[in-house]
Amino acid sequence: MAGGWAAGVTRARALRTRCLGPEGIREVAGAPSLDAALRHLAATSYRRDLTPDASLAEGQRAVSATLLWHLRVLAGWQPSTGAHAIRLLAADFEISNTEQHLRTLSGPEPTPSSPEPGRVCPPTEPYRLGALATAWPRIARTRSSSDLRMTLANSPWGDPGDDSPSAVATGMRVSAALRTAAAVPEAGRWAAGRLALLIGREVFLVGRRIPEPSARRVARLLGPRSLRAGSFADFRQALPTAASWALDGLGEAADLWRAEVRWWDVVDRDGWALLGRSRFTSEPVVGAVAVLSADAWRTRGALELAARGGGSVDWPAEVSDGPG
């Protein structure tokens, strides 16, 4: 068993050097302009899809695309169990592609900031998922929202319960959390906590009802009491321990953005702990996915700060300084 993981774990540990780390992210965030931040990133591992004249959205997407490339490379070195775990942990990329495809099916949208009437947003190229795709090739061939829903229902994603963009996005995220918790024990706490953040936002901040198929999946991970909660406080109290940590200390749903920041801090800290373990098992591989993902998330945020003229980033004491 250990022999099958040796190459994959070795590659996972090597990928630590692809993280920008706290010091590098501080430099990006403190840049006086987006152009200056992009010049800094051009000398790092995030340069792969970066262009010097990129907009903020394009720069952030390039950071995400680089993360995806690293995950694809990492998956290629794993035994089948490890590749499946990475596919689940990378589910956000397929969800993003599906959301974009749904927007395309609905027709082009006007660009709000454009001075020219009738100008439309250029289409965004889908992320290249390769072996990390679950059902994307079939989803990409759909020609209507109802066809897309049927395709999801006949795939591991399951039926989202409706073909509206919000129902599809929520349904896929619920499905990803449930499948990750079941198949990747090292990430079970992250999946449950993230699902609690999602349902808290959808139900108590946005005010959306969770469609029945997705609600049944939520109940399997968060418990049926969480879905019967009449207030955000009741929702927090109904959560199992595996998920309640993500909402600890929150007084109202409007504070969920703070909980998301904390969620990423925990994922990063746990990831470095897993990556540092000496055994040839799935743990260092899952840890590498966590630290790479957290680093990319923070780098995207740093680019936004730079685009606003630069700012400082504060790190909790328990966050690792990353690769030495």
* Quick check: does any side chain N or O of Arg236 sit under 3.5 Å from a backbone N or O of Ser244, one acting as donor and the other as acceptor? -> no

* To do: Give a yes or no on whether Leu227 and Phe235 share a hydrophobic cluster (residues Ile, Leu, Val, Met, Phe, Trp, Tyr; joining criterion: side-chain heavy atoms under 4.5 Å apart).
  => yes

* In the hydrophobic clustering (ILVMFWY, side-chain contacts below 4.5 Å, transitive), which residues join Trp257, or is it alone? -> none

* Asked: When clusters are formed by joining ILVMFWY residues with side-chain heavy atoms under 4.5 Å apart, either directly or through shared neighbours, do Trp190 and Leu250 land in the same one?
  -> yes

* Hey, is the main chain of Ala177 close enough, under 3.5 Å, to the side chain of Thr180 for a donor-acceptor pair? -> no

* Are side-chain heavy atoms of Met172 and Pro160 found at a separation under 4.5 Å? -> no

* To do: Give the intermediate values and the outcome of side chain to side chain donor-acceptor pair (under 3.5 Å) for residues Asp295 and Tyr46.
  => CA-CA 11 Å; Asp295 192 80; Tyr46 288 116; 2.6 Å; yes

* Asked: Are Arg298 and Asp265 within salt-bridge range, i.e. N to O under 4.0 Å?
  -> yes

* Asked: Would Arg138 and Thr142 count as having a side-chain donor-acceptor pair, cut-off 3.5 Å?
  -> no

* Do Arg189 and Asp270 meet the salt-bridge criterion of a basic N to acidic O distance under 4.0 Å? -> yes

* **Point-to-point distance, once rounded to the nearest 0.5 Å, from CZ of Arg48 to CG of Leu41** => 15.5 Å

* Measure the shortest side-chain to side-chain distance between Phe232 and Leu256 over non-hydrogen atoms and say whether it is less than 4.5 angstrom. => yes

* How long is the span from the OH atom in Tyr127 to the CD atom in Gln100, to the nearest 0.5 Å? -> 10.0 Å

* Asked: Glu94 and Ile139: side-chain contact (heavy atoms from CB on, under 4.5 Å), yes or no, with the steps?
  -> CA-CA 10 Å; Glu94 186 157 319; Ile139 293 170; 3.9 Å; yes

* Are Val73 and Val289 joined in one hydrophobic group, where the rule is that I, L, V, M, F, W and Y side chains link up if heavy atoms are under 4.5 Å apart? -> no

* Is the charged tip of Arg209 near the ring of Phe204: under 6.0 Å from the six-membered ring centre and within 45° of its axis? -> no

* Between Glu186 and Arg277, is there a salt bridge with N-O shorter than 4.0 Å? -> no

* **Check: Asp255 and Arg258 side chains under 4.5 Å, non-hydrogen atoms** => yes

* **salt bridge (charged side-chain N to carboxylate O under 4.0 Å, His left out) between Glu99 and Arg173, worked out** => CA-CA 12 Å; Glu99 290 178 308; Arg173 288 184 171 88; 3.3 Å; yes

* To do: Hey, could you give me the CG/CZ distance between Leu178 and Arg220, rounded to the nearest 0.5 Å?
  => 4.5 Å

* Asked: Any side-chain heavy-atom pair from Gln78 and Leu74 closer than 4.5 angstrom?
  -> yes

* Group every Ile, Leu, Val, Met, Phe, Trp and Tyr by side-chain heavy-atom contacts under 4.5 Å, then state whether Trp69 and Leu20 land in the same group. => no

* Under a 4.0 Å N-O cut-off, is there an ion pair linking Glu304 with Arg300? -> no

* **Geometric cation-pi criterion, Arg279 with Trp5: 6.0 Å, 45°** => no

* salt bridge (charged side-chain N to carboxylate O under 4.0 Å, His left out) between Asp92 and Arg194: does it pass, once the steps are laid out? -> CA-CA 12 Å; Asp92 278 350; Arg194 196 173 194 186; 2.8 Å; yes

* For the residue pair Ser145 and Leu102, establish whether any side-chain heavy-atom pair is separated by less than 4.5 Å. => yes

* Asked: With a 4.5 Å heavy-atom cut-off, do Trp297 and Leu67 have their side chains touching?
  -> no

* To do: Flag the pair His101 / Leu148 as yes when at least one side-chain heavy-atom distance between them is below 4.5 Å, and no otherwise.
  => yes

* **same_hphob_cluster(Trp77, Leu129) at 4.5 Å side-chain heavy-atom cutoff** => no

* Asked: Is NZ or CZ of Arg87 both nearer than 6.0 Å to the six-membered ring centre of Phe93 and within 45° of the ring axis?
  -> no

* Asked: Is it true that Asp159 and Arg217 have a side-chain N and a carboxylate O under 4.0 angstrom from each other?
  -> no

